[in-house]
Amino acid sequence: MRFAFVLGEIASGMRRNLVMVVSVVLVTFISLTFVGAAGLLQLQINQMKGYWYDRVQVAVFLCVENSTSESCASGPVTDEQRAAIEAKLKSPELSAYVDTVEYESQDQALVHFRDQLANSPIVEAVTAEQLPESFRVGLVDPEKYEVISEAFSSEPGVDIVSDQREYLEEIFGYINIASLVALGIAVVMSVGAILLVATTIRLSAFSRRRETGIMRLVGASKAIIQLPFVLEGVIAAILGAAIASGTLWAVLRYGGEWLSREYPQMGFISTQELLLVVPALFLLGALLAGASSLLTLRRYLKV
Amino acid sequence: MIRFEQVTKVYDQKSKPALDSVSLDVDRGEFVFLVGASGSGKSTFIRLVLKEDRATRGGVYVAGQNVANIPSWRVPKLRRGIGVVFQDFRLLPNKSVFANVAFAMQVIGKSRAVIRETIPEVLKTVGLEGKNNRMPHELSGGEQQRVAIARAIVNKPGILLADEPTGNLDPTTSMGIMKVLDKINQNGTTVVMATHDDDIVNTMRKRVVELRDGSVVRDDAQGIYIGEPTTTTAAAG
């Protein structure tokens with residue numbers, strides 16, 4: 001009985017207040033979409049870190065004919081130097097840091113170079129002699145790049161030690177900024193949503209003051225008087241969350257599909273990740289609207 | 001049933017108290033007229049009984065309990081034991097007679113079966129049989145007040161408070177309403193009615209408590225309404 005009564009009150013309240021309810025739905029939709037986008041971008045960063053950090057390596061480039069660094073003063077790397085470097089990489093002192101060591105000859109370097117820059121006219125002009133040989137070093141902990149860099153930078157026959165992770169960090173930096181921007185928009189929109197819920201509930205309480213006055217007089221409990229208003233806000237917010245979730249799903253489904261086709265190596269997140277984000281959106285929407293309605297009712301609905 | 005002990009209510013520190021050290025006892029089953037000019041403290045009395053306001057000093061007891069000691073979450077229970085009727089009826093305009101009365105039962109969680117069973121009885125008590133489906137705007141003022149009374153007593157409160165229930169009604173209709181209130185009183189409900197309708201007070205011959213400037217100036221067992229000396233009280237209101 002009470003349940004049916006509360007439902008009826010919610011329905012009549014939302015009907016009377018339809019325009020406001022629709023605006024609450026739209027504003028929560030936008031704000032939660034940005035919240036979700038920020039969350040998904042963070043997940044994307046994590047995914048790429050997981051994917052790439054296992055694959056990125058520290059490259060120890062060896063000297064070639066025209067290397068300019070100090071350790072290459074004696075000309076191209078000699079067989080002894082190369083052997084010494086390899087031995088050092090595989091030495092017990094470094095075994096705590098070094099996971100794998102692969103040697104890349106000048107010919108292999110040319111093959112990789114041609115792969116990466118296919119269709120570019122430079123490819124034709126480059127010969128294997130111009131490209132350095134290198135040791136590709138996989139690290140146990142990619143953060144410990146400094147150790148390798150320090151150990152080999154001044155080693156005779158080593159030109160430079162480069163950490164491929166640096167390029168990734170740059171990409172992650174951009175994604176991070178995008179995610180922060182999304183979060184900033186989300187915060188502003190959420191404040192707007194909270195205020196709008198407050199106004200809506202206030203109007204709703206005002207338009208039903210006759211009913212609530214009578215409820216108070218005949219001894220209806222505080223919960224029964226306030227529940228329809230709070231649920232009105234919460235339902236509107238949950239509708240907003242549902243639309244936001246649908247939007248994010250569509251973006252991931254179709255946008256993600258396109259990106260994966262264009263950049264198959266990048267490891268993009270899929271609609272699976274929504275399982276993490278969507279419940280959070282619903283919870284956040286319901287919490288914001290519920291708290292905002294309750295606070296408003298404390299001020300504007302005497303019980 | 002209702003006891004006021006030295007009750008003072010001050011709304012605004014600068015102005016005079018609305019009630020000034022009022023002591024009053026209303027027994028179970030009594031019918032009491034609260035008379036006095038506007039601003040004499042009648043409505044404040046009713047608000048204090050309902051715990052809509054707190055007494056500034058003194059104790060308000062309802063059914064033996066000091067309302068000051070009732071925690072806010074128990075106030076609804078207090079109000080379920082008190083029915084209230086106002087001068088302006090306060091019906092819900094978009095609900096039928098039946099739905100208006102049913103509303104008071106729905107919001108405290110009465111079952112549909114109980115509601116269907118109780119309402120025809122109550123409507124009969126107030127003289128509205130067969131008007132279940134009328135809307136408030138189709139009813140006369142007297143009939144609307146009867147609906148309001150039905151709503152006030154449908155949950156069988158021990159006390160019925162009526163704040164100028166006949167204030168908007170003509171004398172004949174008013175007498176009809178008084179008959180209904182008297183009948184409710186005969187059934188054992190304590191009735192406190194604030195009014196300044198001298199005809200009614202003089203006809204009913206019930207206990208009369210007169211308030212003036214927040215003080216009880218008269219308490220007669222079978223009293224009559226004595227016209228106000230208008231010159232002294234006009235400034236106080």
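These numbers come from the heavy atoms of this one structure, side chains and all, not from hydrogens, waters or symmetry mates. The chains referred to below are lettered A, B, ... by the order of the sequence lines, with proteins before strands, and numbering in each begins at 1. For clarity, every value in this text was computed on a predicted model and none was experimentally measured.
- Distance check, rounded to the nearest 0.5 Å: NZ of Lys95(B) to CZ of Arg210(A) gives 12.0 Å.
- Residue-environment remark: CZ (Arg47(B)) exceeds the threshold of 12 foreign heavy atoms within 6.0 Å.
- Proximity to chain A (any heavy atom under 4.5 Å) is restricted, for Pro93(B), to the side chain, taken from C-beta onward.
- Remark: Leu217(A) CG to Arg90(B) CZ distance equals 7.0 Å, nearest 0.5 Å.
- Around the CZ atom of Phe34(A), the shell of radius 6.0 Å holds no more than 12 heavy atoms that belong to other residues, nucleotides or ligands.
- Heavy atoms of other residues, nucleotides or ligands lying less than 6.0 angstrom from CD of Gln272(A) number 12 at most.
- Within 6.0 Å of the OH atom in Tyr11(B), the count of heavy atoms belonging to other residues, nucleotides or ligands exceeds 12.
- Ranked by non-hydrogen atom pairs under 4.5 Å with chain A, the options Leu92(B), Asn155(B), Val75(B), Val154(B) are led by Leu92(B).
- Rounded to the nearest 0.5 angstrom, Met215(A) CE and Gln106(B) CD are separated by 9.5 Å.
- Of the atoms belonging to Leu50(B), it is side-chain heavy atoms, and not backbone ones, that fall under 4.5 Å from chain A.
- Here the options are Val6(A), Val218(A), Ile225(A), the test is side chain to side chain contact (heavy atoms under 4.5 Å, CB included), and the partner is Val107(B); only Val218(A) passes.
- Of all heavy-atom pairs between Phe103(B) and Glu211(A), the closest is CE2-O, 3.7 Å.
- The two residues Arg80(B) and Ser221(A) come nearest to each other via the heavy atoms NH2-N, 4.0 Å.
- Heavy atoms closer than 4.5 Å to chain A are found in the side chain of Asn94(B), but not in its backbone.
- Residue contact with chain A, scored on non-hydrogen atoms closer than 4.5 Å, involves the backbone of Ile82(B) exclusively.
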